[in-house]
Amino acid sequence: MVGGTDGTQDPGEPPVDDLSRLWLNARHLSRFKEPLRRALAAQEALNRGALAALIEEGGLAAQDPLRAALHILMAVDGMGSYSNTGTGEGEPLPGGLLVGELVVETAESRLGLAPGTLRERARANGVG
């Protein structure tokens, strides 16, 4: 994921909201453009396959790596739907929850990891 889970931006990376808006616009336009619809479907298949393979190769506790990948990607897509609201820039949702936190919590849950595991691993590797 580009950017930190705390709403911060990794230096040198494109803004998260810009990438989210691009993907959101592409999805919208694909409703009217068959070639774009095919291109998006192909990219989504690549993303699903790559994430599922990563989950499986990583020996994570997910019983069904493809299902876990789909849940995680759906959470990422959900995060992108907030790209025009400012919540991707650190503005919390009702209840004080950051959008990125939802994605991390979904991933940890689907992968059978204890809460906080992904944040700890990211910080240990200089991310977030």
Side-chain angles (χ1 to χ4, degrees):
M1 183 166 79
V2 178
T5 60
D6 58 358
T8 62
Q9 185 65 42
D10 292 336
E13 292 288 340
V16 174
D17 282 349
D18 287 351
L19 291 173
S20 294
R21 287 183 190 112
L22 177 64
W23 189 249
L24 198 57
N25 287 337
R27 281 183 179 253
H28 171 70
L29 292 173
S30 74
R31 295 173 47 217
F32 312 105
K33 309 279 187 185
E34 181 60 32
L36 183 56
R37 186 171 27 256
R38 286 193 306 270
L40 285 175
Q43 185 60 54
E44 288 175 335
L46 287 171
N47 291 348
R48 278 191 308 271
L51 185 54
L54 186 64
I55 291 167
E56 194 165 12
E57 291 167 10
L60 297 165
Q63 292 180 357
D64 183 344
L66 180 58
R67 188 175 182 88
L70 286 168
H71 277 267
I72 294 165
L73 290 170
M74 293 288 284
V76 170
D77 280 348
M79 182 178 79
S81 71
Y82 282 88
S83 63
N84 291 326
T85 65
T87 56
E89 298 161 359
E91 185 179 318
L93 295 167
L97 189 62
L98 295 172
V99 174
E101 292 293 314
L102 289 171
V103 175
V104 171
E105 290 173 9
T106 298
E108 287 173 339
S109 173
R110 298 308 302 183
L111 299 174
L113 299 173
T117 301
L118 292 177
R119 289 176 204 85
E120 289 171 19
R121 289 182 185 179
R123 284 188 197 105
N125 288 292
V127 179

Check your understanding: Above 12 or not: heavy atoms from other molecules or residues under 6.0 Å from CD of Glu34?
Key ->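 Buried by this count: over 12 neighbours within 6.0 Å.
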
Practice item. Count the heavy atoms belonging to other residues, nucleotides or ligands that lie under 6.0 Å from CD of Glu56, then report whether that count exceeds 12. Key: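 12 or below, so no.
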
Do [X] and [Y] land in one hydrophobic cluster if side-chain heavy atoms of ILVMFWY residues count as linked below 4.5 Å?
{"X": "Leu40", "Y": "Leu24", "answer": "no"}
{"X": "Leu73", "Y": "Val104", "answer": "yes"}
{"X": "Leu118", "Y": "Leu60", "answer": "yes"}
{"X": "Leu113", "Y": "Leu51", "answer": "yes"}

Exercise for review: Considering non-hydrogen atoms only, spot the tightest contact between Ala52 and Pro65 and give its length.
Suggested key: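 Shortest heavy-atom separation between Ala52 and Pro65 comes out as O-CB, 3.6 Å.
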
Point to revise | Shortest non-hydrogen contact between Ala62 and Ala68, atoms and distance | key: CB-CB, 3.9 Å

Rounded distance (nearest 0.5 Å) linking atom [atom1] of [X] with atom [atom2] of [Y]:
{"X": "His28", "Y": "Lys33", "atom1": "NE2", "atom2": "NZ", "answer": "10.5 Å"}
{"X": "Arg27", "Y": "Leu22", "atom1": "CZ", "atom2": "CG", "answer": "12.0 Å"}
{"X": "Glu44", "Y": "Arg48", "atom1": "CD", "atom2": "CZ", "answer": "6.5 Å"}
{"X": "Met74", "Y": "Met79", "atom1": "CE", "atom2": "CE", "answer": "14.0 Å"}
{"X": "Glu120", "Y": "Asn125", "atom1": "CD", "atom2": "CG", "answer": "12.0 Å"}

Point to revise | Pair Ile55-Ile72, side chain to side chain contact (heavy atoms under 4.5 Å, CB included): steps then yes or no | key: CA-CA 11 Å; Ile55 291 167; Ile72 294 165; 4.3 Å; yes

Practice item. Kindly say whether Glu105 contributes a backbone atom to a donor-acceptor pair with the side chain of Ser109 at under 3.5 angstrom? Key: no

Check your understanding: Can any side-chain N or O of Arg37 pair as donor or acceptor with the backbone N or O of Arg31 at less than 3.5 Å?
Key -> yes

Review point. Looking at Glu108 and Arg121, does any basic side-chain N land under 4.0 Å from a carboxylate oxygen?
Key: no

